[in-house]
Amino acid sequence: MIVWNDEVNLAAHVAYVFRRLLGLTRDDATALMLDIHRRGSAMVATGAREHVELTCFRLRTHGLDATLEPA
Amino acid sequence: MTLAPWEVDLLSLVPALLDSVGKFDPDPAVDRLALRAYPLDEDADDEFRRLLADELQHGRAADRSAFSITVESGVDGVVLSTAEAEAWLRVLAEARLVQAARADLPGGSEKGSDQALFDYLSWVQGSLVEILDEVLP
């Protein structure tokens, strides 16, 4: 699963959503948010299709631009 | 949380803003809020939408209902549960995305009431995130 940078979502919101939905620590969530901001996108999760689809869905309901690619 | 009457007035604009998505053409907000996951695989994308479209619709309706009810109570003071605060986050995130998609905010040259609403929603969302971040284990 890939999350793409966007210029609208608040940085703190993105980091909070990563903590809430991906179970990351505050430091890891902030680092991931900054990595996406700098590089334009980042792979944030891999796994079984049903699991990543549900996580992708939840990220998108929080406004994040998340997409999936086959392994 | 106690909201000033002017805050209730601003927040009360949000449900109508979200309800307006797709009501005119072209509306760039439609694409930004679209339920999609597989940009490179049309069949998989269709299946994703088929499986989750109802959940998205019900979730958005529940979020907007919780948002509207608690905004109306805000003048007298209202305590948001974590679930309600997260509903607010989703509603505010969508509203900001809709505004930005339509007006090329932020960083554009839009001024006036749209910018004021955008800035206020940003402040509310940021404040909510700060509180939720503290209570998340």
Side-chain angles (χ1 to χ4, degrees), chain A residues 1-34 36-71, chain B residues 29 31-41 44-45 47-49 51-53 55-60 62-63 82 85-101 103-108 118 121-137:
Chain A
M1 178 166 59
I2 297 167
V3 172
W4 302 84
N5 184 53
D6 72 75
E7 300 299 330
V8 181
N9 280 308
L10 300 175
H13 170 69
V14 174
Y16 171 76
V17 171
F18 286 157
R19 284 189 71 205
R20 177 76 174 78
L21 297 182
L22 303 180
L24 301 182
T25 64
R26 185 176 283 116
D27 286 349
D28 286 347
T30 301
L32 179 58
M33 177 273 294
L34 290 172
I36 292 167
H37 183 68
R38 278 194 292 263
R39 293 149 59 97
S41 67
M43 180 81 74
V44 303
T46 59
R49 178 170 179 156
E50 292 78 6
H51 175 70
V52 291
E53 282 189 345
L54 190 56
T55 304
C56 179
F57 172 75
R58 288 176 173 159
L59 287 170
R60 294 194 73 89
T61 64
H62 279 275
L64 275 64
D65 188 8
T67 61
L68 298 171
E69 289 180 3
Chain B
D31 189 52
R32 185 57 185 85
L33 296 190
L35 181 59
R36 72 167 49 97
Y38 295 97
L40 305 178
D41 186 335
D45 213 35
E47 178 71 0
F48 180 78
R49 258 192 305 279
L51 287 172
L52 292 166
E55 190 168 338
L56 179 71
Q57 189 177 353
H58 293 146
R60 279 180 174 164
D63 285 346
T82 301
E86 293 208 332
W88 273 57
L89 274 194
R90 288 187 288 268
V91 167
L92 294 172
E94 283 194 348
R96 294 177 72 258
L97 289 170
V98 168
Q99 279 199 289
D104 198 27
L105 293 169
F118 186 87
L121 298 184
S122 302
W123 178 80
V124 174
Q125 191 184 22
S127 302
L128 274 177
V129 165
E130 202 172 311
I131 295 166
L132 285 167
D133 193 59
E134 286 300 318
V135 300
L136 192 65

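Keep in mind it's a predicted model, so treat the numbers as computed, not measured.
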- Query: Which pair of heavy atoms, one from E86(B) and one from H62(A), lies closest together, and at what distance?
  - Reply: O-CE1, 4.5 Å
- Item | Between D45(B), L40(B), L132(B), the one whose heavy-atom pairs under 4.5 Å with chain A are most numerous | L132(B)
- Message: Are R32(B) and V8(A) packed together at the side-chain level, in the sense that at least one heavy-atom pair is separated by less than 4.5 angstrom?
- Response: no
- Name the member of N9(A), L68(A), T67(A) that forms the most heavy-atom pairs with chain B at distances under 4.5 Å. L68(A)
- Query: Checking heavy atoms, do the side chain of A12(A), its backbone, both or neither come under 4.5 Å from chain B?
  - Reply: both
- Please determine, by modelled atom types, if Q125(B) and Y16(A) share a side-chain donor-acceptor pair under 3.5 angstrom. no
- Query: Tell me, side chain or backbone of I2(A) under 4.5 Å from chain B's heavy atoms, or both, or neither?
  - Reply: neither
- Heavy-atom proximity to chain B below 4.5 Å, by part of R20(A): both
- Of the backbone (N, CA, C, O) and the side chain (C-beta and beyond), which part of D65(A) lies under 4.5 Å from a heavy atom of chain B, both, or neither? both
- F48(B) to E53(A) - nearest heavy-atom pair and separation: CE1-O, 3.5 Å
- Query: Counting distance only, does the side-chain N/O of R60(A) pair as donor-acceptor with the main-chain N or O of L35(B) below 3.5 Å?
  - Reply: no
- Query: Checking R60(B) against chain A: side chain, backbone, both or neither under 4.5 Å from a heavy atom?
  - Reply: neither
- Message: Is E130(B) close to chain A through its backbone or its side chain, or both, or neither, when contacts mean heavy atoms under 4.5 Å?
- Response: neither
- Message: Taking side chain as everything from C-beta outward and backbone as N, CA, C, O, which of these in R58(A) sits under 4.5 Å from a heavy atom of chain B? Side chain, backbone, both or neither.
- Response: neither
- Shortest non-hydrogen separation from H13(A) to A93(B) and the atoms involved: NE2-CB, 3.9 Å
- Can you see which heavy atom on D133(B) is nearest to which on R19(A), and at what distance? OD1-NH1, 2.6 Å
- Message: A quick test of your reading: do over 12 heavy atoms of other residues, nucleotides or ligands sit less than 6.0 Å from CD of Q57(B)?
- Response: no
- A87(B) versus chain A, the contacting section by heavy-atom distance below 4.5 Å: neither
- Under 4.5 Å to a heavy atom of chain A? For Y38(B) that would be both
